S.K.: 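Below you will find the structure I want to go over with you.
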Amino acid sequence: MAFSDKSSRQSLIPSYLYSSTSTKAMAVERILQARPTTAVSPSVSDVEAVAVAPRKAFVVPSPAESGRKIEMYSPAFYAACTAGGILSCGLTHMAVTPLDLVKCNMQIDPTKYKSITSGFGILLKEQGVRGFFRGWVPTLLGYSAQGACKFGFYEFFKKYYSDIAGPEYAAKYKTLIYLAGSASAEVIADIALCPFEAVKVRVQTQPGFARGLSDGLPKFVRSEGALGLYKGIVPLWGHTMMKFASFETIVEMIYKYGIPRPKDQCSKELQLGVSFAGGYVAGVFCAIVSHPADNLVSFLNNAKGATVGDAVKKIGMLGLFTRGLPLRIVMIGTLTGAQWGIYDAFKVSVGLPTTGGVAPAAPAATELAKA
């Protein structure tokens with residue numbers, strides 16, 4: 001995804017727009033702007049002198065980019081990725097709080113919440129419309145923290161492991177790089193998410209437990225201790241690995257087989273459409289693979305002192321893979337597609353390329369250090 005040193009010095013506008021004729025025309029315009037309005041027209045020698053004067057290399061931003069250009073893999077780049085992760089994860093998870101509420105209750109009490117439609121009907125009857133948004137505060141804060149770490153550290157570790165492997169092996173084993181980068185980022189991201197997720201599940205599945213995060217967190221800690229907030233952390237690991245590695249592979253395949261021109265010749269709108277499509281398909285895979293772990297997280301955070309063995313015994317192996325799966329496929333597919341779409345839209349808005357696809361090799365860490 002990085003631009004090479006050569007490409008970073010080239011204009012993003014086609015060269016014919018600033019040929020020698022265009023250069024002289026721009027030179028005339030600069031002279032006119034520099035002189036008072038009462039001044040006489042510039043002479044031919046003035047134009048020629050400015051046109052042939054040596055100029056420093058510069059980058060002309062594309063119409064979709066801002067005037068300030070963020071250098072790839074700089075601190076500003078990682079800050080932008082972190083901000084994009086906050087927006088993409090926090091907002092999307094908060095928006096689907098009603099779906100998440102029904103999903104968690106279907107996982108905990110399938111005899112009462114037998115289907116999606118009946119689940120919504122029961123919640124509406126018992127808790128009213130406000131009940132659909134129980135736990136929205138820990139959802140927003142928890143997944144904003146997770147998104148910041150997940151996307152920001154993924155970009156960092158992907159670059160870090162690529163530099164360790166070297167250009168040849170990084171290209172040859174890119175899927176392993178994606179998995180290693182996402183796994184490293186996920187450890188940090190889930191540590192940030194886990195306390196909020198524990199309170200969220202308890203608030204959503206036990207209506208009398210607490211109103212929200214402010215009273216639910218201290219009550220949870222008093223009941224199970226601070227370490228109890230992290231009893232669901234192990235099942236969470238693995239979710240992000242599938243999401244990121246499959247997304248990168250799917251997007252690369254779309255550009256390779258589905259679009260008849262290179263990525264850099266596609267419009268930003270088309271690139272963002274590819275990001276959403278790739279994210280949606282990756283989300284479906286992610287939902288299926290990580291669903292047993294999601295059932296475990298809901299069970300462990302709902303019952304005090306529960307263990308993985310208790311969950312398997314009560315839910316059963318088949319139930320771990322199937323209970324609430326259709327709803328979760330719809331929810332995670334839409335969520336992941338929207339997250340990648342928002343994340344890449346934010347990157348484009350600050351002058352960065354979208355994620356995935358065929359891109360120039362990243363500059364080595366030693367080259368960045370010299371720069």
Side-chain angles (χ1 to χ4, degrees), residues 1-12 57-62 64-89 146-189 240-241 243-245 247-249 251-252 255 262-264 268 271-272 274-275 278 339-340 342-371:
M1 293 192 325
F3 294 107
S4 65
D5 288 340
K6 181 179 179 181
S7 62
S8 65
R9 292 194 297 267
Q10 292 177 341
S11 170
L12 300 181
F58 65 98
V59 175
V60 180
S62 69
E65 295 177 338
S66 59
R68 295 181 61 187
K69 193 169 182 63
I70 296 178
E71 181 184 355
M72 294 293 290
Y73 309 111
S74 65
F77 167 78
Y78 294 117
C81 294
T82 301
I86 292 173
L87 293 175
S88 66
C89 289
Q146 188 206 38
C149 299
K150 185 165 60 176
F151 283 93
F153 280 108
Y154 172 68
E155 299 286 2
F156 171 80
F157 284 116
K158 185 171 66 171
K159 173 68 168 62
Y160 179 74
Y161 293 140
S162 295
D163 286 345
I164 292 176
E168 180 182 354
Y169 288 107
K172 185 177 182 180
Y173 301 108
K174 57 181 180 295
T175 301
L176 292 179
I177 297 292
Y178 301 151
L179 289 171
S182 58
S184 301
E186 186 173 24
V187 171
I188 301 171
T240 299
M241 292 174 64
K243 178 185 292 187
F244 281 74
F247 171 81
E248 295 266 13
T249 302
V251 167
E252 182 177 342
Y255 282 115
K263 175 185 175 181
D264 56 4
K268 294 299 182 184
Q271 292 183 31
L272 293 176
V274 170
S275 295
Q339 285 172 5
W340 280 111
I342 293 172
Y343 176 68
D344 277 345
F346 181 82
K347 288 175 68 177
V348 168
S349 72
V350 297
L352 292 171
T354 58
T355 309
V358 180
T366 53
E367 295 177 5
L368 286 176
K370 291 178 180 179

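Predicted, not measured: the structure shown is a model, and the values here were computed from it. Residue indices begin at 1 and follow the sequence shown.
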S.K.: For Gly356 versus Val251, what's the shortest heavy-atom pair and its separation?
M.R.: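 Nearest pair, atom of Gly356 first, then Val251: C-CG1, 3.8 Å.
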
S.K.: What's the shortest heavy-atom distance between Phe157 and Ile188, and which atoms?
M.R.: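 Looking at all heavy atoms of both residues, the shortest contact is CE1-CD1, 4.1 Å.
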
S.K.: Below 4.5 Å, heavy atoms only, C-beta onward: do Pro75 and Tyr78 meet side chain to side chain?
M.R.: no

S.K.: Check Gly152 against Thr82 and note the closest heavy-atom contact, atom names and distance.
M.R.: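 Reported closest heavy-atom pair: CA-OG1, 3.8 Å.
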
S.K.: Are any side-chain N or O atoms of Lys243 and backbone N or O atoms of Ser182, one a donor and one an acceptor, separated by less than 3.5 Å?
M.R.: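 Such a contact is absent between Lys243 side chain and Ser182 backbone.
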
S.K.: Determine whether the aromatic ring centres of residues Phe244 and Phe151 are separated by less than 6.0 angstrom.
M.R.: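 Here the rings of Phe244 and Phe151 have centres that are less than 6.0 Å from each other.
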
S.K.: So does Glu248 pair up with Lys158, basic N to acidic O under 4.0 Å?
M.R.: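 Looking at Glu248 and Lys158, the cut-off is met.
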
S.K.: So do Pro353 and Met72 actually touch side chain to side chain, heavy atoms under 4.5 Å?
M.R.: yes

S.K.: To the nearest 0.5 Å, what is the distance between CG (Leu272) and NZ (Lys268)?
M.R.: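 With rounding to 0.5 Å, CG (Leu272) is 8.0 Å from NZ (Lys268).
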
S.K.: Donor-acceptor pair, distance only, cut-off 3.5 Å: does the side chain of Ser88 make one with the backbone of Gly85?
M.R.: yes

S.K.: Given Phe247 and Gln339, is the side chain to side chain contact (heavy atoms under 4.5 Å, CB included) satisfied, shown in steps?
M.R.: CA-CA 11 Å; Phe247 171 81; Gln339 285 172 5; over 6 Å; no

S.K.: How many angstroms lie between CD in Glu186 and CZ in Phe153, if you round to the nearest 0.5 Å?
M.R.: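 It comes to 14.0 Å.
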
S.K.: Decide whether Thr249 and Tyr178 meet the rule of one side-chain donor and one side-chain acceptor closer than 3.5 Å.
M.R.: no

S.K.: Among Phe346, Tyr343, Tyr154, which one satisfies side-chain contact (heavy atoms from CB on, under 4.5 Å) with Cys81?
M.R.: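 Option passing the side-chain contact (heavy atoms from CB on, under 4.5 Å) with Cys81: Tyr343.
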
S.K.: Just say parallel, tilted or perpendicular for the rings of Phe156 and Tyr160, cut-offs at 30° and 60°.
M.R.: parallel

S.K.: Mind checking the CD1-OG spacing from Ile177 to Ser162? Nearest 0.5 Å is all I need.
M.R.: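 Ile177 CD1 to Ser162 OG: 4.5 Å, rounded to 0.5 Å.
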
S.K.: What's the spacing between Ile342 CD1 and Leu87 CG if we round to 0.5 Å?
M.R.: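 Going from the CD1 atom of Ile342 to the CG atom of Leu87 covers 7.5 Å.
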
S.K.: Work out which heavy atom in Ser184 is nearest to a heavy atom in Tyr161; give both atom names and the distance.
M.R.: OG-OH, 2.8 Å

S.K.: Measure the OH-NZ distance between Tyr255 and Lys263 for me, rounded to the nearest 0.5 Å.
M.R.: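 Tyr255 atom OH to Lys263 atom NZ measures 5.0 Å (nearest 0.5 Å).
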
S.K.: Where is the tightest heavy-atom contact between Ala170 and Ala165, given as atom of each residue plus distance?
M.R.: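 Closest pair (atom of Ala170, atom of Ala165, distance): N-CB, 4.0 Å.
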
S.K.: So, Thr355 and Lys347: side-chain donor and acceptor under 3.5 Å apart, yes or no?
M.R.: yes

